[in-house]
Structure formats: C-alpha cells, structure tokens
Amino acid sequence: MVYFDSWDEFVGKSVELFRKNPDTTRYVVKYRHCEGKLVLKVTDNHECLKFKTDQAQDAKKMEKLNTIFFTLMTHGPDADISDVSGKEQAEQQQQKKGRGRRHAAISWEHAQLRFL
C-alpha cells in the first residue's frame, strides 16, 4: 500500500495500473465527515495506491479522476484521456438539459392550445 503526496503522480500511476490490468482494477472513494478526510484507493488486488486529503478543493480533482476512469472503462484501456475534463462535460450536460426543458414546455403549451 502506497500513499501519494502528489495528486498528479497518483493519477498517473492509477491510470497506468488500470491500463495494465483493466479487468480487476477498481477504485474506492471514502469520506469521513467527522475527520473531514477524503481517501481515494485504486487497487488490482496485487498493488494498492492511496491518496489522502483534507482539502475541499481536492474534491473537484476527484470528479476529474472519476471521469477519467469512466472514459477508460467505457472506451477501453487504450482510450485517449488527454482531453478529459469533468467540469466542462458537466456544464455541457446542464446546458443541454436546460434547452430540452424549454422546448418541451413550449410544445406542451402548443398542445394545450390545439385542444381548446
């Protein structure tokens, strides 16, 4: 079990571990509210990598790691993760949802007027 001090080093080794053994690699997020600590663990049953923090800003980094792992799991271990950014994707999804609701509300009003 290895604790990393550097976030970038932890992410790099975690991605390397997943690409080496994608079938058995998993990650765990553990947050203890009473201590205010967040612990991320990536393991493949032979090697265990951990990152511990008590900084709130590192929660955003955890979202990016989550996006990286989702990309690797869905597109395969050889997927390009250089353009992965969790914040931009979340903003795009929120914008898309907003547009869809507006159109749905307008079409519902038109549907009501037709039946009157």
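Residue numbers start at 1 and run along the sequence shown. This structure is a prediction, so every number in the text was calculated from the model and none was measured.
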Less than 4.5 Å apart, any side-chain heavy atom of [X] and any of [Y]?
| X | Y | result |
| --- | --- | --- |
| Leu40 | Met62 | yes |
| Thr43 | Thr25 | no |
| Phe10 | Asp5 | no |
| Gln55 | Leu38 | no |
| Thr53 | Lys37 | no |

About how many Å separate [atom2] of [Y] and [atom1] of [X], when rounded to the nearest 0.5 Å?
| X | Y | atom1 | atom2 | result |
| --- | --- | --- | --- | --- |
| Thr24 | Asn45 | OG1 | CG | 6.0 Å |
| Lys52 | Lys41 | NZ | NZ | 13.0 Å |
| Tyr27 | Leu17 | OH | CG | 14.0 Å |
| Lys61 | Asn66 | NZ | CG | 16.0 Å |
| Thr71 | Met73 | OG1 | CE | 10.0 Å |

Take atom CG in Asp54; do more than 12 heavy atoms of anything else shown fall under 6.0 Å from it?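 Enclosed.
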
Quick check: Phe51 with Tyr3 (ring centres under 6.0 Å apart)?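 Aromatic pair excluded; centres sit 6.0 Å or further apart.
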
Test: Glu47 and Lys13 ion pair at under 4.0 Å: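 Judged by the 4.0 Å cut-off on N to carboxylate O distance, Glu47 and Lys13 do not form a salt bridge.
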
Should [X] and [Y] be counted in the same cluster of Ile, Leu, Val, Met, Phe, Trp and Tyr side chains packed under 4.5 Å apart?
| X | Y | result |
| --- | --- | --- |
| Leu65 | Val2 | yes |
| Trp7 | Phe18 | yes |
| Val39 | Phe69 | no |

